[in-house]
Amino acid sequence: MDQHLPLPAGFLMGAATAPHQVEGDNVHSDWWQWETAPDSEMPQPSGTACDSYHRWPEDMDLLARAGYNAYRFGIEWARIEPEEGRIDAAEVQHYRDMVEGAVQRGLTPVVTLHHFTNPAWFSSGGGWTRPDAVAHFSAYVRRVLPVLGDEVRTVVTINEPNMAAIFGRAHGGERPEPMGEGLLPAPDSTIAQRLIEAHRAASDILHGELPAVRVGWSVASQDVQGSGDGVGPALAYSQAVEDQFLFPAAEDDFIAVQSYTRTVFGPDGNVTPAPTGIVTDTNWEFWPSAVGEVIRHTHELLPHLPILVSENGIATRDDARRIDYLRGALPAVAQAMRDGIEVLGYLHWSLLDNYEWGSWDPHFGLIGVDRESGRFERTPKPSFDWLAGWARRGALPLGS
Ligand code: BGC
């Protein structure tokens, strides 16, 4: 009954966050401007978020005490460079303190350099469409090298470049059209190219200055399935929204995948509605095994690269559903590993009930946050302890 896969030494078991979603008061970022504009279409602003800018020691304490060994968090460019060319040394020190804080607690820091948000000045000048975008990003990367130091060995340069290329112009007033009902819009090719160049530039800087670091980026990866006449459209869709962002990772040290659900092209080539009929609070199909399929698909395209699961999770207020989801997802990861695929770690999305890009409604967290009282008290949910049990055991379940 108790079948499990012992984890290799160094396997990362933890959770992930992104600066804008948890820190609060990210006032120099483009997202802050969009959220607080008088005509903003976003239902809710991020505000003080989870106040993790001040409470990160508590967040890390919770992870470490529960038995996790890794924490993925990000550096916020808009704090480091609030105005073009002006570097805020206190913010550089802030993130350096976080890195040291993680290491002191026995948590391996996995650091993201860019997670959707840009400094407002960068976006108002055209964002990733501006010709000097790569030069600006490179300059920022150089300024955060002291944050990483010798301690940070795993860096995600850009989070979900495919989503950034899909929605990159959305807030400039351009509305990308979905490729079909239930599908994402196609990524913008100019932004996609810029992001690939920015990733390569960042990677060169990091490898040049910090020889021990391993560098990769994280692609939003859906389990895209097709049957009958749906096979062709499924392949084309996968190529457009994901694979074109996987190939540029071929020279990297790892590739990170972020998986939540699946997209199914039916026998008539149409996109089928969720066959199980169960959807999560983000209206995505409940499909925990997606992460395993995503690992296999990524491995097929990049067989020489180790894979990091840098996000995987479910939006639900029913924490028992989260545990159900984990009972499906973890064996899917373990089976892929047992089949010989090198997986570096599993980082759950998310550590906290955080700001979901315009809304506080979806609850992705292993830990609840009492925002209403203004005290931001953290309450670990049963799923937090359930997953920590596997971290402490140094194993993943092979069956649910
Ligand atoms: C992003 C996160 C987001 C999560 C759930 C990923 O696309 O990296 O920022 O909160 O999915 O939507």
Side-chain angles (χ1 to χ4, degrees), residues 14-24 26 29-32 34-35 42-46 49-50 52 71-78 110-118 155-168 170-171 176 183-185 187 195 199 216-224 241-242 245-246 255-263 279-288 290-291 294 298 308-317 321-322 325-326 329 346-367 369:
T17 58
H20 188 73
Q21 294 177 268
V22 297
E23 287 180 346
N26 188 16
S29 71
D30 49 8
W31 267 83
W32 183 273
W34 297 326
E35 291 160 17
M42 294 190 204
Q44 290 165 312
S46 55
C50 302
S52 289
Y71 182 35
R72 175 185 173 211
F73 57 90
I75 302 175
E76 179 58 59
W77 183 7
V110 173
V111 175
T112 312
L113 301 183
H114 183 277
H115 197 127
F116 294 161
T117 44
N118 300 301
V155 173
V156 174
T157 56
I158 298 173
N159 180 74
E160 296 191 349
N162 46 344
M163 292 301 136
I166 286 170
F167 297 112
H171 299 283
L183 299 180
L184 290 163
L195 292 168
H199 169 63
W217 71 357
S218 59
V219 174
S221 336
Q222 278 199 18
D223 175 7
V224 183
V241 297
E242 293 172 12
F245 297 89
L246 292 174
I255 176 73
V257 297
Q258 315 205 139
S259 158
Y260 292 88
T261 186
R262 67 173 177 169
T263 298
V279 291
T280 66
D281 289 355
T282 38
N283 225 14
W284 302 341
E285 185 185 358
F286 179 88
W287 197 252
V291 64
V294 154
T298 305
L308 173 67
V309 179
S310 48
E311 288 184 23
N312 174 242
I314 171 176
T316 180
R317 286 169 192 250
R321 291 299 287 156
R322 194 174 335 276
Y325 186 89
L326 285 165
Y346 175 88
L347 304 173
H348 191 80
W349 185 269
S350 181
L351 179 65
L352 305 171
D353 280 341
N354 58 28
Y355 180 64
E356 178 61 16
W357 306 112
S359 171
W360 283 99
D361 279 349
H363 285 191
F364 276 98
L366 297 167
I367 297 177
V369 179

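Every number for a ligand or one of its atoms is a count from 1 in the order of the listing. Quick caveat, the model's predicted, so the values are computed rather than measured.
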Side-chain H-bond candidate by donor/acceptor type, Gln44 with Asp361, under 3.5 Å: no
Worked verdict on Tyr71 versus Thr17 for side-chain contact (heavy atoms from CB on, under 4.5 Å): CA-CA 8 Å; Tyr71 182 35; Thr17 58; 2.8 Å; yes
Taking all non-hydrogen atoms of both residues, which atom of Glu242 and which atom of Asn162 are closest, and how far apart? CG-ND2, 4.0 Å
If you look at each N/O of ligand 1, which protein N/O atoms lie under 3.5 Å away, and at what distance?
unit_1: ligand 1; atom_1: 7 (O); unit_2: Glu160; atom_2: OE1; d: 2.6
unit_1: ligand 1; atom_1: 7 (O); unit_2: Glu160; atom_2: OE2; d: 3.0
unit_1: ligand 1; atom_1: 8 (O); unit_2: His115; atom_2: NE2; d: 3.1
unit_1: ligand 1; atom_1: 8 (O); unit_2: Asn159; atom_2: ND2; d: 2.9
unit_1: ligand 1; atom_1: 8 (O); unit_2: Glu311; atom_2: OE1; d: 3.1
unit_1: ligand 1; atom_1: 8 (O); unit_2: Glu311; atom_2: OE2; d: 2.8
unit_1: ligand 1; atom_1: 9 (O); unit_2: Gln21; atom_2: OE1; d: 2.7
unit_1: ligand 1; atom_1: 9 (O); unit_2: His115; atom_2: NE2; d: 2.9
unit_1: ligand 1; atom_1: 9 (O); unit_2: Trp357; atom_2: NE1; d: 2.9
unit_1: ligand 1; atom_1: 10 (O); unit_2: Gln21; atom_2: NE2; d: 2.9
unit_1: ligand 1; atom_1: 10 (O); unit_2: Trp349; atom_2: NE1; d: 3.3
unit_1: ligand 1; atom_1: 10 (O); unit_2: Glu356; atom_2: OE1; d: 2.6
unit_1: ligand 1; atom_1: 11 (O); unit_2: Tyr260; atom_2: OH; d: 3.4
unit_1: ligand 1; atom_1: 11 (O); unit_2: Glu311; atom_2: OE1; d: 3.4
unit_1: ligand 1; atom_1: 12 (O); unit_2: Glu356; atom_2: OE2; d: 2.5

Hey, what do you get for NE2 (His20) to CG (Asn354), rounding to the nearest 0.5 Å? 10.5 Å
Do Trp357 and Phe116 make the cut of ring centroids closer than 6.0 angstrom? yes
Using ring pair (Phe, Tyr, Trp, His ring centres under 6.0 Å) as the criterion, list what pairs up with Trp284, not counting sequence neighbours. Tyr260
